[in-house]
> 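First, the structure itself, so that you have it in front of you.
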2 protein chains.
Amino acid sequence: MKIGELSRRTGVSVRMLRYYEAEGLLAPQRTDSGYRDYGQPEEETVRRIKMLGAAGMTLETIQQLLPCVRNNDPEFTPCNNLRRILAQQVSLIDERIETLSQSRKILAGYLSSVN
Amino acid sequence: MKIGELSRRTGVSVRMLRYYEAEGLLAPQRTDSGYRDYGQPEEETVRRIKMLGAAGMTLETIQQLLPCVRNNDPEFTPCNNLRRILAQQVSLIDERIETLSQSRKILAGYLSSVN
DNA sequence: CTTGACCCTGACAGTGCTGTCAGACCCTAC
DNA sequence: GTAGGGTCTGACAGCACTGTCAGGGTCAAG
């Protein structure tokens, strides 16, 4: 399918689909006239990218993870890092939550002092 | 005092002190030769900016808040918005925390599925 | 009067996307 | 064969800072 259709099906903008490719997350075939030609696997990849992105991951991080998630066997050889990266992301999120909670406390303090 | 000293005393980089000014948060006097000349009030303002910034607020938001915090009477007339802005910021933070928690859940799910 | 530390302005870079526009080609249908 | 819609690449813009560099004044001390 062409880029417009994939965009419609996944809800990811055409712009971002091209960006994914530029960042090495996607490598669709090309038609003779140079149009990007996506298949089912690509569509699934896009959906996975969406999920991981929704989890707050950077495209760069997602790229590291993709080869692991792409097939359904997470134990696949090149994925020794999978657990490590995921765990790292979780603690990164924990850090951010901690910072925000701190901020919240400060603001709430201001707020109550204004009565 | 000159900008270098203020920077040393507050821990805010010279670059950022100039940026604060460009954004209208600070308006130091100038010496005849054009040097910025900060006084005690400015130093305190910078400390307040730091605090609010640490609470995750945008400089733009801080600017709205500054005239209220500048003096010690939070009930001062032009500050009807103070409570509103603060409350707004708090709920904004709550939103962000919520999103992150969601992300955390997704990632933790992945993580446990890898066993 | 020169040196060295400090200050000035203006501008470019980088982050991590995301939109938008320009100029040009492709394709289908009428 | 031409109109309309889709696609291509490349580039600029914006967010909210933050660092750094260039080119050029200022000032106090020796």
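On a predicted model such as this, the values are computed, not experimentally measured, just so you know. Quick note on labels: first sequence line is chain A, next is B, and so on, each numbered from 1.
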> Can you tell me how far C1' of dT18(D) sits from CG of L17(B), to the nearest Å?
12 Å

> Using heavy-atom distances to pick each residue's nearest nucleotide on DNA chain D, tell me which of S33(B) and M57(B) is more 5'.
M57(B)

> In terms of side-chain heavy atoms of T58(B), which of dC8(D), dC17(D), dC6(C) is nearest?
dC17(D)

> Would you say L92(B) ends up clustered with I97(B) if hydrophobic residues are merged whenever their side chains have heavy atoms under 4.5 Å apart, either directly or through other cluster members?
no

> Whole-Å distance between dG19(D) P and Y20(B) OH?
10 Å

> Is there a donor-acceptor pair under 3.5 Å between the side chain of T58(B) and the backbone N or O of T61(B)?
no

> What pairs with R104(A) under salt bridge (charged side-chain N to carboxylate O under 4.0 Å, His left out), at least two apart in sequence or on another chain?
D94(B)

> If you assign Y38(B) and R18(A) each to the DNA chain C nucleotide with the nearest heavy atom, which residue ends up on the more 5' nucleotide?
Y38(B)

> What is the separation between atom OH on Y19(A) and atom P on dT20(C), rounded to the nearest whole Å?
17 Å

> Can you check the I3(A) CD1 to dC25(C) C1' distance for me, whole Å?
16 Å

> Tell me the interatomic distance from D32(B), atom CG, to dC8(C), atom C1', rounded to whole angstroms.
15 Å

> In whole Å, what is the span from the NZ atom of K2(A) to the C1' atom of dC27(C)?
7 Å

> To the side chain of L59(B), which of dT26(D), dC17(D), dG6(D) is closest?
dC17(D)

> Could you check whether any side-chain heavy atom of Y38(A) comes within less than 4.5 Å of a side-chain heavy atom of L26(A), counting everything from C-beta outward?
yes

> What is the distance, to the nearest angstrom, from the CZ atom on R30(B) to the P atom on dG25(D)?
17 Å

> For residues 8-16 of chain A, which residues have at least one heavy atom under 4.0 Å from DNA chain C?
S13(A), R15(A), M16(A)

> V12(A) and side-chain contact (heavy atoms from CB on, under 4.5 Å): which single residue from V46(A), I49(A), I3(A) fits?
V46(A)

> Would you say Y35(A) and L6(A) are hydrophobically clustered, going by side-chain heavy atoms of ILVMFWY under 4.5 Å?
no

> Nearest-Å distance, CZ (R36(A)) to C1' (dC8(D))?
7 Å

> Measuring from atom CE of M57(B) to atom CD of Q63(B), what distance do you get when rounded to the nearest 0.5 angstrom?
11.5 Å

